[in-house]
There are 2 protein chains.
Amino acid sequence: MSKGRVTVIDIAHAAGVSKSTVSLVLQGSSLVNEATRAKVNVVIRELGYVYNRGAANLRQAKSKIVGIVVNDLTNSFFAELAVGVDMVVQSAGYVQFLSNTGESVDRQREVVASMREHGISGLIVSPARGTEAADFKPLTNAGIPVVIVVRNIPGAKVSSLVSDNFAGASAAVEHLAGLGHRRIAFMGGFANTAVFAERLGGYREALAKAEIAFDDDLVVATAPSRAGGVEAVGRAMLLAHKPTAAVCFNDAVAFGVCDGLRARRLEPGVDFAVVGFDDVIEAESAVPALTTISVDPQGMGRRAAQLLLKQVNSGKVEAEAIVSAVRLVVRQSSGAGLDTTARRAVS
Amino acid sequence: MSKGRVTVIDIAHAAGVSKSTVSLVLQGSSLVNEATRAKVNVVIRELGYVYNRGAANLRQAKSKIVGIVVNDLTNSFFAELAVGVDMVVQSAGYVQFLSNTGESVDRQREVVASMREHGISGLIVSPARGTEAADFKPLTNAGIPVVIVVRNIPGAKVSSLVSDNFAGASAAVEHLAGLGHRRIAFMGGFANTAVFAERLGGYREALAKAEIAFDDDLVVATAPSRAGGVEAVGRAMLLAHKPTAAVCFNDAVAFGVCDGLRARRLEPGVDFAVVGFDDVIEAESAVPALTTISVDPQGMGRRAAQLLLKQVNSGKVEAEAIVSAVRLVVRQSSGAGLDTTARRAVS
DNA sequence: CTGTTAGCGCCTTCAC
DNA sequence: GTGAAGGCGCTAACAG
């Protein structure tokens, strides 16, 4: 409070010990006498000493800082992800640098560089569109572990956490079969994409497990949009043997399917069960009584952070470890459109 | 890549100059010969040098790091706020430590302490419930500016950014009067709170400006909840001279008012105009055709960051500067409940 | 168990 | 314009 910041040397002086002793008590070392430790701690409190982690980091050539960069924090999926990361990072005594790229690879490059200069010991990144595998090469070369989440970067030699499309679709079908449905359609999505293939694969496997014959007519590929959903349900309802439920490629499609059902005087969730992959998380409450399959973003964040910290602590950066995270969410929203998951008030 | 990290001394050696010269080019000083600068920059790139900000911070006893702590990042209001902060912070060459407290004052204390140890040069905080003015004393004593956002902490001698309830309510009335309404009710909220008084004040002032007589019957205080909204509209509709529009204490009330209108076979937004303070941001798309008044969280974040950086750069910490930020948002949502503000897909 | 001695990588006087 | 020291606050060896 008087002159400049108080340092270890000040408190060593005041406590009548040497700086190293002070340093040891700061690190909670057991190599120091209980009485001395107590005395030092008292002085620390009295002088209002604050530990300078920067100096320690410099000396030890390592830090307890991790970087997390997301492409769109405005999307609550990523916000939840960041919260999940923060939870484990915090309780591990780390702090997180968080940056938002807004889907700009340039900005991403900047913030990653900045974080590196600040000495992050690991990085979790939900890459902006257009990110290349080479973009993280400098980090991994320097022995800084990187965990990519949500989107996969083919060829990047780092750990990735992406949703398990196969298991998700499978869980959706299982859920519907459990409700007694036998005519379950798969609606929406472009058939020539990898994601479509994975989700369809999960769908087929779960059908087989439930001993339901696969019917090609029930797979209705359309654009992965709301309009696509409307189109899909329209086509499905032309079938002689109509479906009673549908797994939708994503929730946009699911919304469209609901629209289409209502146009036919059918009530989604009552007359016809709809399950959608929850890719557009933000809109979750827009259509009540809709069941969705989604990865739990917070859980994904936690897993990403654990994965990262494991590598940080072991000093080993992993290469090409694809892990998966999926959760089945059955939403119990009220017809009013405001359910128990509605957020807390601000003020 | 070969042995340890490359430092200024390495590049000085390789470029045939001294470390100080390197240091000068790193800082973009004009005191260095153009040719030398170029050569040094080449070597820097060749050796893959990365600047060690930690060391620089230590030496200069300052950092380009700001802390931001929010009480609930899961609430998209705060996520947007963080994005706003990030924007200005990033372009000012700073990085942000972000932490989530989840409304825990203990956690808040921890993260703030941790940030301090890491040498933040400023802090933006949306305080957890129960935060006391004294909690930020250590920071301000150390000359570290603090900006409190969203919630006010009475007695805290720091800058605060809160929404301008008076101006917001006023803008709402103005909006409704502009649409031709003359019987505008004020619905919901407990009459004995400061926030209620402020919003009601703005309502009254705007009425006066629009030359509409204030009618006590049109102020219907109820619980600031959905049920309260239902109750409020019920009571208002018993009046001989019924309202044709309402400013609602918050959006929960507004939802209830809409519920109540529908129960009376009235269509909100068509037969009866409803404007609500958007305190529960997350539910924005739950009730289509609802007009809301809200502070723009991103804008608030940007202003907070600007305010903070101004203090950081000037070295002056401000005390007790209450500023306000309000924006009128007229939502144009489609009847389907999914509007153009729906978020981007994740994958 | 505690003190002494060197730096971590950078920036800042000061000479040259 | 450039080089030579010294030190920011801390910790990692060693001694004692």
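Proteins get letters first, then strands, A, B, ... in listed order; numbering begins at 1 in each.
Rounded to an integer number of Å, the gap from A/Asn57 CG to D/dC10 C1' is 10 Å. Atom-to-atom, NZ of B/Lys64 to P of C/dC10 comes out at 18 Å; the value is rounded to the nearest Å. The interatomic distance linking A/Arg53 (CZ) with C/dG9 (P) rounds to 20 Å, in whole Å. When the C1' atom of D/dC10 is taken as reference, atom CD1 of A/Ile44 falls 13 Å away, rounded to whole Å. The separation between B/Lys19 atom NZ and C/dG7 atom C1' is 12 Å, rounded to whole Å. For B/His13 and D/dG3, the NE2 to P distance is 13 Å, given to the nearest whole Å. The CD1 atom of A/Ile9 sits 12 Å away from the C1' atom of D/dC8 (whole-angstrom rounding). In this structure, B/Leu31 places its CG atom 13 Å from C1' of C/dT13, rounding to the nearest Å.
Among the heavy atoms of the strands, none lies under 4.0 Å from A/Ala61. Base engagement by A/Ser20 is indicated by at least one non-hydrogen atom pair under 4.0 Å involving a base atom. Looking at heavy-atom distances under 4.0 Å, B/Thr21 makes contact with sugar-phosphate atoms alone, never a base.
Taking side-chain N and O atoms only, B/Gln27 has a distance below 4.0 Å to OP1 or OP2 of C/dT12. Contact check, B/Gln60 against C/dT12: a side-chain N or O comes under 4.0 Å of OP1 or OP2.
Between A/Thr7 and B/Arg59, it is B/Arg59 whose nearest contact on DNA chain D lies nearer the 5' terminus.
Counting only heavy atoms from C-beta on, A/Leu24 has its side chain closest to C/dT2 among C/dT2, D/dT2, C/dG9. For A/Leu58, whose side chain is taken as the heavy atoms from C-beta onward, the closest listed nucleotide among D/dC10, C/dC1, C/dG9 is C/dG9. Comparing atom distances between the A/Thr36 side chain and each of C/dT2, D/dC10, C/dG3 picks out C/dT2 as nearest.
Each of B/Val43, B/Ile44, B/Asp10, B/Asn41 was compared with B/Tyr49 under the side-chain contact (heavy atoms from CB on, under 4.5 Å) criterion, and only B/Ile44 meets it.
Distance check: B/Thr21 OG1 to B/Asn33 CG gives 10.5 Å after rounding to the nearest 0.5 Å.
Side-chain atoms of A/Glu110 and A/Ser114 include no donor-acceptor pair closer than 3.5 Å.
Closest approach of A/Val150 and A/Val162 over heavy atoms only: O-CG1, 3.8 Å. In plain terms, the two heavy atoms of B/Asn152 and B/Ser160 that are nearest each other are OD1-OG, 3.3 Å.
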